[in-house]
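In this chain, numbering begins with 1 at the start of the sequence shown. Note: hydrogens, waters and symmetry copies are ignored here, and every other heavy atom, side chains too, is used. In each ligand, atom 1 is the first atom listed, and ligand 1 is the first ligand listed.
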Amino acid sequence: MKLLEYEAKKVFSTYKIPIPASTLITSVGEAADACKKIGGSVVLKAQVDVGGRGKAGGILMATADDAETVANDLFTRKIKDLTVKEVLVEERLSIQKEYFVSIAIDRSSRSPVILFAEAGGVEIEATAGERPDAVRSARVSPLFDEVPGFILRYLTRGCEKEIIPVISALYRAFREKDALLAEINPLVITPSGVIAADAKLIIDDNALARQGITENRDLTEREAEAEAHGFSYVELNGSIGVIGNGAGLTMATLDLIAHHKGAAANFLDVGGGAGSERVMYAVRLVASVPDVKVIIVNLLGGITRCDEVARGIIAAGVSQQVIVRLAGTNEAEGRALLEGAGYRMLDTMEAAVAAAVLEASS
Ligand code: GDP
Ligand code: MN
């Protein structure tokens, strides 16, 4: 789950990472007071979850005189389609230098990796292309609680020494908060020291309970409902509903749809041994997304019985066409039930996907 900037900054500050003086406001009326409290020049930052927020118009400068007008402008804007409900009013920084520091998981080495760049700011990808020498990275053994000194010195060589404790603290936050990503871009040098001007923190969804987070805000209503019922379910942007059993088969189905230039609207993994009730629920859930034009059910019967699946599909009785590929335990019974009810059965996953893509594009 992604935290918003102000939430991430709150977390970082508990690790003694310096952050700008700020006030969170939720209405235009609070802007002038917030600005006065901070004293003079401020930046108003829309708290929306989009990359390149500054470039998308989500960050505006203001002074005590125009704080209300500027806040009104920001609250009535849409930043990449998102409405602005919260604005962070922050002291304006006198920036002398911008750095980039990010900690993520490197899956191939199964360890955290720290990325540091001498040129921070908005487009780190461009920096990496233009000045590869300015970007340094280092993996940290997951067995270490702290970043070893030699790694910190390697990453920050030639830079202000005060950056070192910030990276150490960011690493501690990354570990203790079960983060997938902890990032400061830019980490700025000002006349009064180093400050995290921006903050990003993504908590591993699998660790939310341990972190005391009871609700994953990143989930849609249906995704949350599916999770509560023990299904893996994700919404996408296409028009084909996908139901599979097992992550491997479900992902392979999605890959095959993409290969045929189709686009999935969502996918649901019913898991192993789903009975007719669960299958019925799954089909109805997938069908409830308005964009779904056709549903493909691709199941392999092992402990899952094909006749149970067939009964579930029939009981769901959804309005969209359901294209089915079933193989394995009680396949003949399942096939007889579905064909008897007028459903379209295909023998291979390739044929079923091709048929679904064709149906979706008609
Ligand atoms: P982002 O666009 O969502 O990454 O938002 P940032 O908080 O990183 O702001 C974008 C850019 O605004 C930064 O890289 C700075 O170069 C610039 N900026 C200029 N003045 C300020 C300031 O006082 N505070 C902050 N946070 N950014 C500033
Ligand atoms: Mn930023």
Side-chain angles (χ1 to χ4, degrees), residues 2-13 17-25 31 34-67 70-71 73-75 77-104 114-128 130-131 134-135 159-160 163 166-167 170 173-174 179-202:
K2 290 194 201 95
L3 299 194
L4 291 168
E5 176 193 8
Y6 79 93
E7 297 170 314
K9 278 183 168 159
K10 222 182 267 173
V11 173
F12 289 175
S13 74
I17 294 174
I19 58 167
S22 69
T23 306
L24 185 77
I25 63 170
C35 184
K36 260 182 237 143
K37 204 172 104 191
I38 290 163
S41 297
V42 294
V43 266
L44 302 188
K45 308 177 80 178
Q47 298 300 292
V48 286
D49 169 25
V50 296
R53 175 184 50 165
K55 283 202 164 170
I59 297 179
L60 301 176
M61 305 284 169
T63 60
D65 299 332
D66 63 0
V70 176
D73 181 359
L74 194 55
F75 271 111
R77 272 185 197 192
K78 282 213 159 177
I79 315 296
K80 289 192 183 167
D81 270 358
L82 292 178
T83 54
V84 179
K85 293 185 185 124
E86 296 166 309
V87 167
L88 190 64
V89 182
E90 253 184 16
E91 67 173 299
R92 190 160 335 155
L93 304 170
S94 158
I95 299 177
Q96 294 168 327
K97 218 163 168 189
E98 300 193 333
Y99 292 107
F100 167 95
V101 53
S102 178
I103 306 177
I114 307 177
L115 210 60
F116 178 81
E118 281 177 43
V122 264
E123 269 170 358
I124 186 64
E125 293 84 357
T127 306
E130 289 157 17
R131 287 188 53 202
V135 183
C159 305
E160 291 79 355
I163 293 171
V166 174
I167 300 179
L170 191 65
F174 176 84
L180 295 177
L181 179 80
E183 183 176 293
I184 303 173
N185 181 32
L187 177 67
V188 302
I189 304 293
T190 71
S192 49
V194 63
I195 294 186
D198 193 7
K200 218 181 246 179
L201 189 61
I202 302 177

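Any N or O atom pair closer than 3.5 Å counts here, and E5 shares no such pair with ligand 1. Remark: ligand 1 and K55 share no N or O pair separated by less than 3.5 Å (distance only, no angle test). Looking at N185 next to ligand 1, an N or O pair under 3.5 Å apart turns up. An N or O contact shorter than 3.5 Å is missing between M61 and ligand 1 by distance. Backbone and side-chain nitrogen or oxygen atoms of L93 are examined, and one is located within less than 3.5 angstrom of a nitrogen or oxygen of ligand 1. Checking only distances, I59 never comes within under 3.5 Å of ligand 1, N or O to N or O.
Evaluated for a side chain to side chain contact (heavy atoms under 4.5 Å, CB included) with L187, the options L170, V101, D198, I195 yield exactly one hit, V101. Only one option out of I189, V188, I163 pairs with K97 in a side chain to side chain contact (heavy atoms under 4.5 Å, CB included); it is I189.
Residue E98 has at least one heavy-atom neighbour below 4.0 Å for each of these atoms of ligand 1: 13 (C), 14 (O), 15 (C), 16 (O). When each atom of ligand 1 is checked for a heavy atom of K45 under 4.0 Å away, the hits are 7 (O), 26 (N). Of all atoms in ligand 1, listed by their number and element, those nearer than 4.0 Å to a heavy atom of R92 are 23 (O). Within the listing of ligand 1, atoms 8 (O), 13 (C), 14 (O) sit less than 4.0 angstrom from a heavy atom of P186.
Side chains of S102 and E183: a donor on one and an acceptor on the other come within 3.5 Å.
Taken from CZ in F174 to CD1 in I167, the straight-line distance is 14.0 Å, to the nearest 0.5 Å. Atom OG1 in T190 sits 12.0 Å away from atom CD in E98 (nearest 0.5 Å). We find the CD-CE distance between E90 and M61 to be 10.5 Å, quoted to the nearest 0.5 Å. Considering CD1 of I103 and CG of L181, their distance stands at 9.0 Å, rounded to 0.5 Å.
Take the N/O/S atoms of D198: the one nearest the Mn ion (ligand 2) is OD2.
Partners of F116 under the ring pair (Phe, Tyr, Trp, His ring centres under 6.0 Å) rule, at least two apart in sequence or in another chain, are Y99.
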